[in-house]
Number of protein chains: 4
Amino acid sequence: MSVDGDRRRGPERSRRLPREVRERQILDAAVRVFSEHGYHYASMDEISDVAGVSKPMIYAYLGAKEDLFTECIRREAIGLMEAISKGVRSELTPDMQLWHGLDAFFGYVDDHRESWLVLHRQATSAGGPFSRQLLEMRARAITLIDALLTKTASSEGMDSQARKGTEAHAAALVGACESLADWWLDHPDIPARVLATRAMNLVWMGFGDLMEGNVWTPTHPES
Amino acid sequence: MSVDGDRRRGPERSRRLPREVRERQILDAAVRVFSEHGYHYASMDEISDVAGVSKPMIYAYLGAKEDLFTECIRREAIGLMEAISKGVRSELTPDMQLWHGLDAFFGYVDDHRESWLVLHRQATSAGGPFSRQLLEMRARAITLIDALLTKTASSEGMDSQARKGTEAHAAALVGACESLADWWLDHPDIPARVLATRAMNLVWMGFGDLMEGNVWTPTHPES
Amino acid sequence: MSVDGDRRRGPERSRRLPREVRERQILDAAVRVFSEHGYHYASMDEISDVAGVSKPMIYAYLGAKEDLFTECIRREAIGLMEAISKGVRSELTPDMQLWHGLDAFFGYVDDHRESWLVLHRQATSAGGPFSRQLLEMRARAITLIDALLTKTASSEGMDSQARKGTEAHAAALVGACESLADWWLDHPDIPARVLATRAMNLVWMGFGDLMEGNVWTPTHPES
Amino acid sequence: MSVDGDRRRGPERSRRLPREVRERQILDAAVRVFSEHGYHYASMDEISDVAGVSKPMIYAYLGAKEDLFTECIRREAIGLMEAISKGVRSELTPDMQLWHGLDAFFGYVDDHRESWLVLHRQATSAGGPFSRQLLEMRARAITLIDALLTKTASSEGMDSQARKGTEAHAAALVGACESLADWWLDHPDIPARVLATRAMNLVWMGFGDLMEGNVWTPTHPES
DNA sequence: TATGAATGAGCATTCATTCAT
DNA sequence: AATGAATGAATGCTCATTCAT
């Protein structure tokens with residue numbers, strides 16, 4: 001409640017820094033504040049305060065609140081995708097690539113809760129202009145996973161019918177992972193690896209069944 | 001620009017209605033407005049306008065904006081849970097119960113997009129006080145599903161080790177469903193039943209593997 | 001939106017120019033920007049941008065915004081008075097002097113619309129400190145015209161009563177000319193000479209009547 | 001400089017007044033403040049303060065600053081035109097109509113300096129959107145005067161050539177009157193009637209010459 | 001000489017909320 | 001029961017102005 005009470009000043013307010021540095025400072029502060037209060041309750045005043053910079057600098061360097069938020073999302077999305085890409089090395093088998101991707105994802109979320117909060121919870125709900133970045137990121141993730149599934153599928157001689165479902169499957173996986181990560185924020189005592197394993201099982205086992213034609217349908221459950 | 005422009009007035013502003021009716025009017029309007037603009041962008045002015053009721057009435061009957069939103073969530077959560085409960089009839093086999101539950105869920109979301117928007121997207125992101133309702137609802141859903149899985153597991157003679165995972169599995173399913181429903185809002189041309197089927201496969205197949213000890217681990221993939 | 005969009009950069013930002021040159025650059029830019037947006041909407045940023053000079057230079061050379069504006073007015077006022085003086089050559093008869101003065105005035109406004117805008121429209125309304133320059137200029141103009149009228153009057157043997165009205169008459173003429181010039185800005189297709197002629201008629205004919213004692217009064221209209 | 005120092009509170013802050021009354025209060029205050037500081041330096045805070053009303057009321061009743069200013073101009077323009085119209089009674093001879101019109105004009109400006117300041121000085125220079133009201137008012141005034149001149153001209157058997165000049169003559173008169181009134185603000189010790197008389201002479205004498213073909217031209221001055 | 005970096009201070013605007021009737 | 005009238009308190013944003021280099 002207190003306006004100034006627990007305000008932690010950011011970096012030692014050093015002067016005359018090059019623009020690049022200031023921009024990073026500001027973005028760091030913005031991610032922190034946005035993740036804490038959400039887009040709407042975050043005030044430019046607090047961000048400037050946390051960043052150790054006056055408000056006009058924020059406007060000069062990163063534009064209005066919307067732009068600032070968008071840039072936060074962009075930066076964090078790139079960070080997340082890079083972390084994942086680093087895990088998915090192409091010399092591995094598809095399943096190990098997937099595993100390392102998931103592991104990297106949950107590891108990243110574990111290390112950057114704030115980033116994930118901003119990326120997922122805030123960006124999802126803050127309304128229109130922001131979701132685009134998210135959608136793009138998700139689309140890239142889905143494509144990536146889809147490729148892995150497809151590679152496996154074709155090497156295992158799956159028929160085209162089943163192959164068609166891979167993208168949907170990938171989408172479901174991505175959604176489930178987001179959901180898991182989100183849920184995780186409220187249950188922080190579970191290790192990242194456990195979540196990754198659970199996600200891997202969900203997708204891999206389910207996918208295995210799919211490939212083998214084990215499909216549940218209302219009329220003949222469990223065939 | 002115009003304050004009154006395309007504002008669709010709600011019910012004919014008739015006077016002296018019993019409290020119960022007024023409350024419903026107000027809640028209906030609130031759900032509509034919240035789902036449209038999100039919690040923060042929704043203004044009490046617009047809600048009162050849409051409801052065809054003056055603002056002081058809203059405060060008198062349903063309290064401040066937060067309370068109003070909370071009440072919206074509560075009402076819609078109850079509606080959703082009731083719809084699901086109606087699907088899950090205890091005389092069915094567990095898998096059919098699950099199937100009908102999923103079907104009811106996606107059917108409800110299909111019929112009440114606004115409600116789901118408020119329930120999930122807005123409530124998730126609007127910050128603290130609101131998530132409690134959500135968590136409760138989710139907890140109840142998880143318990144329900146967990147019971148189904150457990151019943152199946154025990155009837156199939158699963159060992160206690162595997163049985164322990166059921167709750168996590170249920171949680172994952174719930175999360176995946178939410179995620180699917182959420183994603184669905186942006187891809188509205190898919191029929192509800194298709195989503196229900198996909199969800200069912202994800203959980204049932206994966207669960208089947210789990211019960212049979214088919215578990216993927218980093219060390220012996222696909223054992 | 002874009003900060004730099006269609007901003008036409010002024011002179012090639014060459015370095016180390018003598019102060020005199022810089023000052024002219026800056027004043028030129030300032031007159032342009034002030035005339036375009038008005039005193040209040042003109043931003044130092046834009047002026048510095050148009051001038052091709054950094055803001056601190058402006059402050060170093062010409063002081064704060066007010067000073068800068070004052071200097072603009074001063075410079076343009078001098079320019080205008082010089083143009084007029086050039087027209088009013090003392091070897092001519094008074095009426096031809098007046099005519100050439102008016103002609104020069106409207107010619108100048110025609111050629112320097114920006115200058116006139118700044119001088120009259122902006123300076124008039126921008127508030128206190130600026131009007132002084134204007135008043136001085138106007139006073140000089142009135143004196144000049146009054147002298148012409150007086151010379152004519154005395155050569156025509158006017159009585160002292162009528163002679164007293166000359167200054168007021170001069171003031172009215174100046175006001176009318178300003179007003180005409182101002183109105184002209186919004187009707188740019190009329191040639192300068194036409195306006196000069198109209199002004200001349202207004203003052204000369206009216207003055208002629210005045211000298212002859214043809215005065216309208218409420219009691220004996222059109223006497 | 002002091003923010004609150006000489007702030008004269010407006011009407012005894014009485015509560016629960018009908019909208020109509022509040023609107024008038026607000027407009028009165030706005031005219032006063034705008035006339036004093038000019039559009040840009042006037043702050044909504046001061047206006048609300050002088051009006052004895054909170055800022056939100058201003059926005060609710062009269063919109064943003066621009067709208068408020070526009071409304072001020074509109075109201076004052078109407079007031080001025082009404083005052084003039086009352087003077088110009090159609091049963092009079094044209095010259096007496098003109099005289100009473102001028103008399104009413106200068107009388108109004110005398111009694112409502114603030115209104116005139118807002119109408120003329122501020123509105124002229126505050127930039128785009130506001131000048132329209134002014135132009136309309138001026139156009140109506142010109143039309144009115146033109147009609148008077150034309151009536152006289154035709155009754156005196158003027159040729160069509162001369163008749164053509166009447167509108168321009170009317171425009172010049174209006175401009176001259178504005179200019180005179182404006183100049184008057186800085187020389188307040190002259191009685192209104194004197195100005196009206198001067199204006200009348202300017203236009204009527206000049207017009208008389210015009211009708212008689214007494215026209216000054218550069219080539220045959222004083223012909 | 002010349003400027004990128006930096007800010008204090010102010011202003012329009014909005015909104016949830018409450019009286020007085 | 002119902003509401004028009006009214007406001008306190010914030011918040012996003014801008015701009016003239018000045019250091020430090």
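Below, chain A is the first sequence line, B the second, and so on; all start at residue 1. Hydrogens, waters and symmetry mates play no part in the numbers below; they use all other heavy atoms, side chains included. In this text the structure is predicted, and so the values were computed from the model without any measurement.
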side-chain hydrogen bond (donor to acceptor under 3.5 Å, both in side chains) filter on A:Arg74, not counting sequence neighbours, yields A:Glu71

Next on the checklist: For D:Arg75, is there an ion pair with D:Asp28 - N to carboxylate O distance below 4.0 angstrom?
Outcome noted: yes

[N] phosphate, OP1 or OP2: any side-chain N/O from [X] under 4.0 angstrom?
X	N	answer
A:Tyr59	F:dT14	no
A:Arg22	E:dA6	yes
A:Tyr61	E:dA6	yes
A:Arg19	E:dA5	no

Comparing B:Pro56 with A:Lys65, nearest DNA chain F nucleotide closer to 5' gives the residue B:Pro56

Could you give the [atom1]-to-[atom2] distance, from [X] to [N], as a whole number of Å?
X	N	atom1	atom2	answer
A:Phe34	F:dT11	CZ	C1'	13 Å
D:Met57	F:dG4	CE	P	12 Å
D:Glu66	E:dA12	CD	P	12 Å
D:Glu20	F:dG4	CD	P	17 Å
A:Phe69	F:dC13	CZ	C1'	19 Å
B:His37	E:dC15	NE2	P	11 Å
D:Leu62	E:dT14	CG	P	14 Å
B:Asp45	F:dA5	CG	C1'	13 Å

Nearest to side-chain heavy atoms of [X], which nucleotide of [options]:
X	options	result
B:Ser54	F:dT7, E:dC19, F:dT3	F:dT3
C:Met44	E:dT17, F:dA6, F:dA16	F:dA16
B:Lys55	E:dA6, F:dT7, E:dA16	E:dA16

task = Would you please classify the geometry between the D:Phe69 ring and the D:Phe34 ring as parallel, tilted or perpendicular, with 30° and 60° separating the classes?
result = perpendicular

**Request:** Answer yes if the ring centres of D:Tyr41 and C:His40 are under 6.0 angstrom apart, and no otherwise.
**Result:** yes

Pairing partner of E:dT21, by Watson-Crick or G-U wobble and under 3.5 Å for both distances, is F:dA2

Here the pair of heavy atoms bringing A:Arg22 nearest to A:Tyr61 is CB-CE1, 3.7 Å

Have a look at A:Ala60 and say if it touches a base, only the backbone sugar-phosphate, or nothing, with a 4.0 Å heavy-atom cut-off.
nothing

By nearest-heavy-atom nucleotide on DNA chain E, the more 5' of D:Ala64 and B:Ala42 is D:Ala64

